[in-house]
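What follows is a single structure, written as structure tokens, with notes after it.
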There are 2 protein chains.
Amino acid sequence: MSRGVSRAAPSASRRGTPSAAQHRDIPQATVTRLATYLRVLGVLADEGAIIVSSEELAAASGVGSAKLRKDLSFLGPNGVRGVGYDVTRLRARIESALGLDRGHRVVLVGVGNLGRALAGYGGFDRRGFSMVGLFDCDPALVGADIGGMTVRDVAELADACRELDATIGVIATPDTAAQDVCDQLVGAGLRCILSFSPLTLEIPDHVEMRRVDLAMEMQVLSFNLARNEEQSPQQVSAASVAVGASTRNGSVIRP
Amino acid sequence: MSRGVSRAAPSASRRGTPSAAQHRDIPQATVTRLATYLRVLGVLADEGAIIVSSEELAAASGVGSAKLRKDLSFLGPNGVRGVGYDVTRLRARIESALGLDRGHRVVLVGVGNLGRALAGYGGFDRRGFSMVGLFDCDPALVGADIGGMTVRDVAELADACRELDATIGVIATPDTAAQDVCDQLVGAGLRCILSFSPLTLEIPDHVEMRRVDLAMEMQVLSFNLARNEEQSPQQVSAASVAVGASTRNGSVIRP
DNA sequence: GTCTGTGAAGGGCTTCACAGCT
DNA sequence: AGCTGTGAAGCCCTTCACAGAC
């Protein structure tokens with residue numbers, strides 16, 4: 001994930017100012033789940049919930065309640081003992097911790113089917129991201145209007161990133177173009193890249209990159225199936241078919 | 001991730017027959033990386049590589065060499081000391097371990113932009129999956145031809161799954177339809193589901209599910225950016241910009 | 001009594017360093 | 001001499017159980 005120079009030193013664990021020990025000490029695994037809690041809280045808020053307990057929020061998020069409380073405790077005290085968490089307050093707290101209150105501006109490169117799916121995905125705006133630029137190298141697509149935005153030529157990419165003040169770049173191009181696009185995004189000063197190419201793209205250490213590899217997800221799924229079948233060899237055991245009560249709409253407090 | 005009944009007991013750790021201790025004891029984290037190694041080995045094979053060392057394969061995969069060797073050791077001895085790994089043999093070994101040699105048959109529900117991107121994604125066939133059915137509920141889409149396949153009505157889903165002998169179901173529908181489609185897939189006997197809905201879908205314990213949440217990936221990215229900026233406050237340090245030598249095309253042995 | 005926040009115990013994964021084979 | 005395979009040490013994360021606030 002880092003180009004050259006043996007693994008970026010994992011040192012750096014002493015806090016700079018005692019004021020903002022916000023980000024550093026949160027485990028990576030917790031960060032991933034915070035994003036989940038945030039989404040669930042959004043649903044609860046839409047339903048009009050005001051207070052939610054760790055048990056309820058955990059169930060709706062698919063984790064254990066102890067884990068959830070531990071996760072939230074990294075952000076400092078958030079709830080009221082004997083009562084629960086204030087939905088609105090907790091949401092704001094997590095958003096702030098994840099850095100979503102800074103209004104990220106996203107550029108997307110590659111408007112094939114995947115790119116179009118991303119461009120049209122309403123979930124981004126709702127979660128603090130705004131799509132500010134679409135790019136492609138296909139002359140037939142440049143100038144086209146997709147979801148209210150005009151597709152620009154990828155040749156303008158680097159300049160446009162600066163001009164648009166983009167903070168996140170998304171690569172949804174064919175594999176052959178991925179590294180080149182990546183280099184351009186990095187060259188333009190972007191430090192956050194989300195790639196849908198299965199290739200291991202090379203980036204300098206200061207750039208943060210996440211990769212979503214669709215085929216890989218299926219492969220992991222395939223393995224887990226094999227593992228499960230080993231456990232319960234032939235047939236699905238009757239016990240595991242009997243499902244418990246759904247946790248949808250628990251006893252969340254409403255106005 | 002499991003519906004009802006407090007967490008499936010994590011017991012079950014004794015091996016059944018000593019013959020096939022293949023699947024059980026492989027750590028989840030290792031499984032994820034095996035999928036990565038497999039892809040990289042594919043590239044190496046295409047380039048004509050015959051033997052590869054742990055150092056080279058690790059670098060191309062973006063992990064440390066010790067970790068790679070440890071990962072591979074879970075599959076038994078695979079290499080030759082003092083030499084390296086036989087590319088073809090190792091590939092076959094990993095494919096077998098991941099259960100990819102059983103020829104998974106995939107049905108895809110929801111052929112919007114995302115669904116189309118998945119249907120047209122060449123990477124699946126190349127990695128042991130074949131798309132056998134496309135479904136949608138939109139009458140305007142049913143009957144349409146996408147990538148050589150005819151879109152069928154989602155009403156036929158359950159029957160078609162059995163008839164097509166599908167082993168993996170992919171949900172690429174809007175959120176509102178996700179749980180319903182999921183229930184149908186489970187009802188038809190599928191035990192492997194890949195969902196692109198951010199919702200926490202409810203499934204019985206014997207079904208394996210993976211979720212890809214695009215907005216969540218961006219949120220995690222956002223946090224990591226914030227963390228990095230705390231480390232090197234204002235400007236990118238000059239040291240981290242200096243990138244080392246690329247590891248592309250190392251000294252892999254060719255014919 | 002109820003539900004949060006947290007120290008402590010436990011388990012799993014990573015890293016190290018080297019024994020062992022070619 | 002070179003590279004794999006692996007015990008052992010260390011670290012991170014999860015889980016448990018309960019103290020503490022309301």
Side-chain angles (χ1 to χ4, degrees), chain A residues 1 6-13 21 24-34 36-37 49-59 61-87 89-90 93-94 227 250-253, chain B residues 1 6-14 21 24-34 36-37 50-59 61-87 89-90 93-94 227 250-253:
Chain A
M1 208 166 266
S6 58
R7 305 298 90 229
S11 60
S13 198
R24 170 100 67 270
D25 304 319
I26 304 182
Q28 185 65 52
T30 292
V31 172
T32 309
R33 286 189 300 266
L34 285 177
T36 304
Y37 305 150
I50 292 179
I51 302 281
V52 65
S53 73
S54 65
E55 200 71 51
E56 292 159 343
L57 182 52
S61 306
V63 304
S65 66
K67 194 189 284 192
L68 177 129
R69 287 198 302 277
K70 187 66 139 182
D71 283 342
L72 295 183
S73 77
F74 286 107
L75 310 182
N78 289 287
V80 181
R81 295 176 193 224
V83 182
Y85 300 93
D86 179 298
V87 173
R89 226 181 76 82
L90 185 56
R93 189 72 197 78
I94 296 179
R227 161 154 47 195
S251 56
V252 177
I253 297 177
Chain B
M1 206 165 271
S6 58
R7 274 37 351 259
S11 60
S13 197
R14 74 208 92 260
R24 171 94 66 268
D25 303 321
I26 304 182
Q28 185 64 51
T30 293
V31 172
T32 309
R33 287 189 299 267
L34 285 176
T36 304
Y37 306 151
I50 291 178
I51 301 281
V52 65
S53 74
S54 65
E55 200 71 51
E56 292 159 343
L57 182 52
S61 305
V63 304
S65 65
K67 194 188 287 192
L68 178 129
R69 287 198 303 278
K70 187 65 137 183
D71 284 341
L72 295 183
S73 77
F74 286 105
L75 310 182
N78 290 287
V80 181
R81 295 178 192 225
V83 180
Y85 300 94
D86 179 301
V87 173
R89 226 181 76 81
L90 184 57
R93 190 74 198 75
I94 296 178
R227 163 152 48 196
S251 56
V252 177
I253 297 177

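Note that this is a predicted model, so its numbers are computed, not measured. Sequence lines set the chain letters: A, B, ... in the order given, protein chains first and strands last, and positions in each chain run from 1. All values below were derived from every heavy atom in this structure, side-chain atoms included, with hydrogens, water molecules and symmetry-related copies excluded.
Regarding contacts with the backbone of D:dT4, a side-chain N or O of B:Ser54 is found under 4.0 angstrom from either OP1 or OP2. In terms of phosphate contacts, B:Lys70 brings no side-chain nitrogen or oxygen within less than 4.0 Å of OP1 or OP2 of C:dT14.
Taking atom CZ on A:Arg69 and atom P on D:dC13, their separation rounds to 19 Å, with Å as the unit. To the nearest angstrom, C1' of D:dC3 lies 8 Å from OH of B:Tyr85. The nearest whole Å value for the distance from the CG atom in B:Asp25 to the P atom in D:dT6 is 14 Å. Following rounding to the nearest Å, A:Arg89 (CZ) and C:dT4 (C1') show an atom-to-atom distance of 13 Å. One can place CZ of A:Phe74 at 11 Å from P of D:dC12, the figure rounded to the nearest angstrom. When the P atom of D:dC22 is taken as reference, atom CD1 of A:Ile51 falls 14 Å away, rounded to whole Å. To the nearest angstrom, P of D:dT4 lies 11 Å from CG of B:Leu90. Between the CG atom of B:Leu68 and the P atom of C:dT15 there is a distance of 12 Å, given to the nearest Å.
The main-chain N or O of B:Ile26 is found under 3.5 Å from a side-chain atom of A:Arg227 such that the two form a donor-acceptor pair. B:Arg93 places a side-chain N or O within donor-acceptor distance of the main-chain N or O of B:Leu75, the cut-off being under 3.5 Å. Here the side chain of B:Asn78 pairs no donor or acceptor atom with the backbone of B:Leu90 at under 3.5 angstrom. Looking only at distances, a side-chain donor or acceptor of A:Ser61 sits under 3.5 Å from a matching main-chain atom of A:Leu57.
At a threshold of 4.0 angstrom between heavy atoms, the contacts of B:Glu55 with the nucleic acid are absent.
If you check distances only, the side chain of B:Arg81 never reaches the base of D:dG5 with a donor-acceptor pair under 3.5 Å.
Comparing C:dG5, D:dT4, D:dT14 by their nearest atom to the side chain of A:Arg33 picks out D:dT14.
Between B:Leu72 and B:Tyr85 the shortest side-chain heavy-atom distance falls below 4.5 Å.
Nucleotides of DNA chain D nearest to B:Asn78 and A:Asp71 differ in position, and the one nearer the 5' end is that of B:Asn78. Where B:Val80 and B:Gln28 meet DNA chain C, the nucleotide closest to each residue was compared, and B:Gln28 sits on the side nearer the 5' end.
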